[in-house]
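Order of the sequence lines sets the chain letters (A, B, ...), proteins ahead of strands, with each chain counted from 1. Because the structure is a prediction, the values reported are computed rather than measured. FYI, side chains are in, hydrogens and waters are out, and symmetry mates aren't considered; it's all heavy atoms of this structure.
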Amino acid sequence: MTIAAPQRLTGGRRIDISQLIVWGIGGLLLTIVFLGSILTLRAGHYSAAQWRDFIVFGIAQGAIYALIALGYTMVYGVLRMINFAHGEVFMSGAMTTFFLADYLNRSGFLKSHPWVSLIAMLLFSGLVSMTVAVLVERIAYRPLRGAPRLVPLITAVGASFFLQYTFRGLFGSGVRAYPAIPVLQGKLWVFQKTQIAVFVGVLITLVLLVLFLQRTRAGLAIRAVAEDREAAALMGVDVDRAIVTTFAVGGFMAGIAGVLYALVFIQVQFFMGFLPGIKAFTAAVLGGIGNLPGAAVGGLVLGVIESIGPSLFFDGYGIRAAHQLKDVIAFTILVLILIFRPTGLLGERLGGEERL
Amino acid sequence: MPLLALQRVHVHYGLIEALKGVSLTVEQGEIVTLLGANGAGKTSTLRAISGLVRPSAGRILLHDIDLTHRKPHEIVQFGVGHVPEGRRIFPRLSVEENLRLGAFTIRDRAELARRQEYVFTLFPRLAERRKQPGGTLSGGEQQMLAIGRALMMQPRILLLDEPSMGLAPVLVESIFEVLQRLNRDGTTILLVEQNARMALDIAHRGYVLETGQIVLSGSARDLANDPRVQAAYLGAA
């Protein structure tokens, strides 16, 4: 009996030690980042204009992440599930729209009516992604409603591979160059014109999303289901319909994001959804999964850190091609958020307490 | 023909049988109460009626409509209002949005406004807090909101699951007064209550559930005078 008590004490201390290690690693990373930033700024390899361009590019990239992240976070809100096929929903729109864009380009319509073409591409991509998202929900998730939560996660990965390899099988694994849109070439003040198109596109989509959620019956139904699915059903809300609407809206936004992404990077490929998908998931977690403003903020923050981070943090150490490390930065952020602040930056959730 | 009839309804959760052939009726204009200990199957009975659980056997009829295998959102539209256990209001939505959801299937704005005014006359406190998120209301106000929300669809029958739970006695009394007033205005009520004394006070008839079966039924007065009920639910010697 006399031995038992001290053992319990060391047991308590062991938890402290593991926490100490975690905090130590966190502190070390912060020090590396801080020191690197000072060294970089002292060395002065980059001009103010270059930093500005990094930030502008980061915001454009982040705005696209934000659009995709909203799809993750909305689906999480109503189903408490991560739709890991969402990156492929994004890819489906962008890939399919390549053929429309290519056709418009060859026929000369893209040159004669650039704005009409652009809007047609955005809508077409949105509709394709919406259809894919709805099909994935119907086929891969709905039959499993009520199954343990790990099960739809596995089918999500399955659906993701299915879509990737379907597109690879249909259209080949090569990279296809998106036709450039003539009116979006060149710069306007400090911005690339494509970046302005991204900002405007994302902003309009966000405004429409907020209006949809706040002002329409279907939006009210989605918010009710996100808070309490059973109570929503008792109000006469068709829960399955609200869920499929959520997928449709998230899919549409992913499709818009797909075209905007293609405008910036001017190429598409069957695998293009993977990284942006996981980055957008990171953005959603960063902002607080289930939280809509959080997804938007998380996207922008991630985009900017990813854009300036490699040069700012690592250039000072003399690392060559530091920008190759941007994915490392993104996923380090994901891990740090999960460890230190699992509720994300905005620290709250769309849904109330979870009910099982 | 009764307004609501359950015919030998069975409900299973996995291997556990929560309801073992429950039959009961509620006539138009009645207040009927369902008494029983925790786990007797009171909540399961209400959940079966509004479609939140599927009966494994038996039938549930609303007048001449078979509700048995319909989905909750359809059953609501036939006129079954359910105030669930624990109130289950939408904490982040405003009082008005909660009420709007109560009449989710109604699209006519004038009609919605009229019904909302009716709820506000019943519960003036809700009118004062119409823009506030539901989660910021006190327990009593949340119960008012839950009842008001269910009234928004003008149900033919109102199912109430433990409306007195966690409320101060004064509030319980005012809630029960509202229930009586609603009943006088023509609303049929099926009331599940822990507070058997209050429930039998306002009810016309009652049923007693034990481990998933109806063991006793009768007029509220007979039940209140029954020694078994007194011993088990009214705390008398």
Please find the pair of heavy atoms, one from [X] and one from [Y], that lie closest to each other, and give the distance.
X        : Y        : result
B:Leu101 : A:Ala224 : CD1-CB, 3.5 Å
A:Leu220 : B:Arg100 : CD2-CG, 3.5 Å
A:Ala221 : B:Phe104 : CB-CZ, 3.6 Å

**Asked** If you tally heavy-atom pairs under 4.5 Å against chain A, which of B:Glu74, B:Met152, B:Arg149, B:Met153 wins?
**Response** B:Arg149
**Message:** The test is side-chain contact (heavy atoms from CB on, under 4.5 Å); show your working for B:Thr105 and A:Val237 and say whether it passes.
**Reply:** CA-CA 8 Å; B:Thr105 51; A:Val237 173; over 6 Å; no
Tell me whether the count of non-hydrogen atoms from other residues, nucleotides or ligands lying under 6.0 Å of [atom1] in [X] goes above 12.
X        : atom1 : result
B:Arg54  : CZ    : no
B:Arg114 : CZ    : yes
A:Phe162 : CZ    : no
A:Arg142 : CZ    : yes

**Prompt:** What distance do A:Glu230 atom CD and B:Leu52 atom CG have between them, rounded to the nearest 0.5 Å?
**Reply:** 4.5 Å
**Request:** Give a yes or no on whether a salt bridge exists between A:Asp240 and B:Lys71, defined as a side-chain N under 4.0 angstrom from a carboxylate O.
**Result:** yes
**Message:** As a quick check of understanding, evaluate side-chain contact (heavy atoms from CB on, under 4.5 Å) for B:Val76 and A:Met235, giving each step before the final call.
**Reply:** CA-CA 7 Å; B:Val76 176; A:Met235 301 298 108; over 6 Å; no
**Item:** Which atoms of B:Arg87 approach chain A - backbone, side chain, both or neither, heavy atom under 4.5 Å
**Value:** neither
**Item:** Stepwise side-chain contact (heavy atoms from CB on, under 4.5 Å) test for B:Arg107 and A:Arg217
**Value:** CA-CA 9 Å; B:Arg107 288 159 187 272; A:Arg217 240 174 121 252; 3.0 Å; yes
**Message:** Could you go through B:His82 and A:Leu234, starting from their C-alpha distance and side-chain angles, then the distance that decides it, and tell me whether this counts as side-chain contact (heavy atoms from CB on, under 4.5 Å)?
**Reply:** CA-CA 7 Å; B:His82 187 159; A:Leu234 287 180; 3.8 Å; yes
**Request:** Please answer whether the main-chain N or O of B:Arg92 pairs with a side-chain N or O of A:Glu227 as donor and acceptor at a distance below 3.5 Å.
**Result:** yes
